[in-house]
Amino acid sequence: MLKLIKEFKKKDFVLIFVSVLLILFQVWLDLKLPDYMTEITRLVQTEGTKISEVLTQGGYMLLCAGGSLFSAFIVGYLISYVSATFSKRTRKSLFEKVQSFSMEEMKKFRTSSLITRTTNDITNIQMFIAMGLQMLIKSPITAVWAILKILGKGWEWSLATFIAVIVLLVVIISLMVIVLPRFKIVQKLIDNINGLTRENLNGIRVIRAFNAEKYQEDKFEEGNDVLTKTQTFNQKVMSIMSPCMYLIMNFLTLSIYTIGSSLLSNAGMFDRLDIFSNMVVFSSYAMQVLMSFLMLAMIFIMYPRASVSASRIREVLDTDEKIKDGNFKDDTKVYGEIEFKNVSFKYPDADEYVLENLSFKAKKGDTLAIIGSTGSGKSTIVNLIMRFYDVTDGEILIDGINVKDYNLESLHEKLGYVPQRAVMFDGTVNYNIGYGKNEVPEKQIKKAAKVAQATEFIENMPQKYEANIAAGGTNISGGQKQRVAIARAIAKNPEIFVFDDSFSALDYKTDYVLRKELKENIKDATSIIVAQRIGTIINADTIVVLDKGKTVGIGKHKDLLKKCKVYKEIALSQLSKEELENE
């Protein structure tokens, strides 16, 4: 929890300091009340006291109570502001940190866990700061000040108060030992519930198609039941705190008055007034001491969960990114050239290489295609180009510069990436095609849509380019999503296009026309095409054939048919000999 203090700004510390001063003032006012009460008690028992004197002391008590209330209101506002702005900054820091994560870090922290950390965990800390910070400042000040006030009032009463405080501390510590480990479990169980919910929402069509609703309900119910039982146990244990507190407070009051009655019965006539006054004062201050420890107890209730949440947030913020940002910015004279030099790669913690000793080159304006069976490492090549992972051995050069040396923003500015699964964002067609740019001219968006063969279905939508696309593209088809994703890359106007099996959802006619339009409209750009279809890559300048992560053939279509057995097998599995000969 203390590690998150560095997230506080100078202004926050100023506001906290002002709050401390106001709390000091508030505590002073609260502790003045028993003094006025003592004076009223003395006046009532003194012969010849005027009612105006009693009312004057009562007026002072009202002023103290009003001043304390006003101070509490200001402190509440200041601390709430500090907690809200702290949460805002922490949430932003967490979001920015996750944005910088590579695929390796994303696999380490599950998506559901990152969502919980960004929402529930930060809310826990905000609540602790908003409520706990006030108690943390006020309770020790009140306790120390009240103890100083009652020193010398009677060792018997002091002993009773000391015993009550010790019993209270034993109760608090015992409860914390039982509950603290379970708070850590709770946050992980919330992660699990988040994950189950996301799985159910993302896979709703498949779940319904296979009549698996009952299975998903049982799966969720199991996770929900474990979370509920853990939470219920924590609440049951912590609920012991309140009755114990009131029991201790009432026993202390009873002890003070019992001791007081004994002292009064043994005192002389002239000492009884002082003893009675001391008993009234001591009773009030003793309650203040216990209330201080009660506030500390409330902090102990809130702290474990906030502490666990802080550790989870700190874990993300302290994670060292594997993909380091380079210093090189784009000032090369060569544009659109990409080269793999003896590239090998294996995933973190894996024993075997996914790619081994790959070497090939694409010059500006070339179309380089990558094909191979499932699991041969095609998409891994795309991940390495985009620097979602870094190569284990060898190097990847773009415009003659190692991708590791590039500033990531400059590198990604050079690349137009179309992923295997087209990603759509909640917004208009214009927003999705022009995504990543603050302002993309409408003319450029329409041209990109035309090249991507998306114009027809966009124009048929009620609001055309202002039509809304739902998050994930749930209101358009797979082929339409792919065409919008391709249009997005074209609108970016990059040096190098990276198509990761981006034509798989298109029919053969649309695929053919789209590739023809691409060839005519982005002829100055280099294209890297990962594909399963022979028809998609048949006219590529260079085709790289992969098998189990190794290069088994590089060349043009006709040459590979003659020289590469793997390529020929893939081709014959899709097209007949006659079709291949005609091609």
Expected output: side-chain [X] to main-chain [Y] donor-acceptor under 3.5 Å:
X      : Y      : result
Asn475 : Ala470 : yes
Arg117 : Ile313 : no
Lys556 : Thr542 : no
Asp366 : Lys363 : yes
Lys361 : Phe340 : no
Gln126 : Ser83  : no
Asn402 : Asp405 : no
Thr455 : Lys450 : yes
Arg483 : Gly479 : yes
Arg488 : Asn432 : yes

Mind checking the [atom1]-[atom2] spacing from [X] to [Y]? Nearest 0.5 Å is all I need.
X      : Y      : atom1 : atom2 : value
Asp559 : Ile554 : CG    : CD1   : 12.5 Å
Leu368 : Ile338 : CG    : CD1   : 8.0 Å
Glu413 : Leu411 : CD    : CG    : 10.5 Å
Ile537 : Gln532 : CD1   : CD    : 9.5 Å
Arg312 : Thr116 : CZ    : OG1   : 6.0 Å
His412 : Asn407 : NE2   : CG    : 10.0 Å

Is the shortest distance from a Lys or Arg side-chain nitrogen in [X] or [Y] to a carboxylate oxygen in the other one below 4.0 Å?
X      : Y      : answer
Glu352 : Lys346 : no
Asp390 : Lys404 : no
Lys364 : Glu337 : no
Asp547 : Lys550 : no

Take Phe86 and Ile125 through the side-chain contact (heavy atoms from CB on, under 4.5 Å) test and state the conclusion after the steps. CA-CA 9 Å; Phe86 170 82; Ile125 296 171; 3.5 Å; yes

Does the side chain of [X] reach to within under 4.5 Å of the side chain of [Y], using non-hydrogen atoms?
X      : Y      : value
Asn224 : Thr228 : yes
Leu358 : Asn342 : no
Ile528 : Ile385 : yes
Ile496 : Ile398 : yes
Ile543 : Ile371 : yes
Lys378 : Ile370 : yes
Leu94  : Asp121 : no
Thr551 : Val544 : yes

Are there more than 12 heavy atoms of other residues, nucleotides or ligands under 6.0 Å from atom [atom1] of [X]?
X      : atom1 : answer
Phe425 : CZ    : yes
Met386 : CE    : yes
Arg421 : CZ    : no

Strictly under 6.0 Å, is that where the ring centroids of [X] and [Y] end up?
X      : Y      : result
Tyr353 : Phe345 : no
Tyr417 : Phe499 : no
Tyr567 : His557 : yes

Closest contact, heavy atoms only, [X] versus [Y]:
X      : Y      : answer
Ile207 : Glu213 : CG2-N, 3.8 Å
Ala491 : Ile433 : CB-O, 3.8 Å
Val418 : Ala489 : CG2-CB, 3.6 Å
Ala485 : Met424 : N-CE, 3.9 Å
Asn192 : Gly223 : ND2-CA, 4.0 Å
Asp541 : Gly365 : OD2-O, 4.2 Å

Classify the side-chain pair Tyr347/Thr380 by whether it contains a donor and acceptor separated by less than 3.5 Å.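 Distance-only check passes for Tyr347 and Thr380.
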
Report the C-alpha separation of Asp218 and Gln216 in whole Å, then their side-chain angles, then the decisive distance to 0.1 Å, and conclude whether the side-chain contact (heavy atoms from CB on, under 4.5 Å) test is met. CA-CA 5 Å; Asp218 292 341; Gln216 287 296 119; over 6 Å; no

Acceptor/donor pairs from residues 457-468 side chains to any protein atom, 3.5 angstrom cut, sequence neighbours excluded:
{"unit_1": "Asn460", "atom_1": "ND2", "unit_2": "Glu456", "atom_2": "O", "d": "3.1"}
{"unit_1": "Glu466", "atom_1": "OE2", "unit_2": "Asn430", "atom_2": "ND2", "d": "2.8"}

Checking side-chain contact (heavy atoms from CB on, under 4.5 Å) for the pair Ile122/Ser309: CA distance, chi angles, key distance, verdict? CA-CA 7 Å; Ile122 290 179; Ser309 294; over 6 Å; no

Please report the C-alpha distance between Tyr406 and Lys414 in whole Å, then the side-chain angles of each, then the deciding distance to 0.1 Å, and finally whether the side-chain contact (heavy atoms from CB on, under 4.5 Å) criterion is met. CA-CA 11 Å; Tyr406 272 99; Lys414 285 175 169 286; 3.4 Å; yes

Working note: Asp393 + Ser344, criterion side-chain hydrogen bond (donor to acceptor under 3.5 Å, both in side chains); need CA distance, chi angles, decisive distance, verdict. CA-CA 5 Å; Asp393 300 303; Ser344 296; 4.7 Å; no

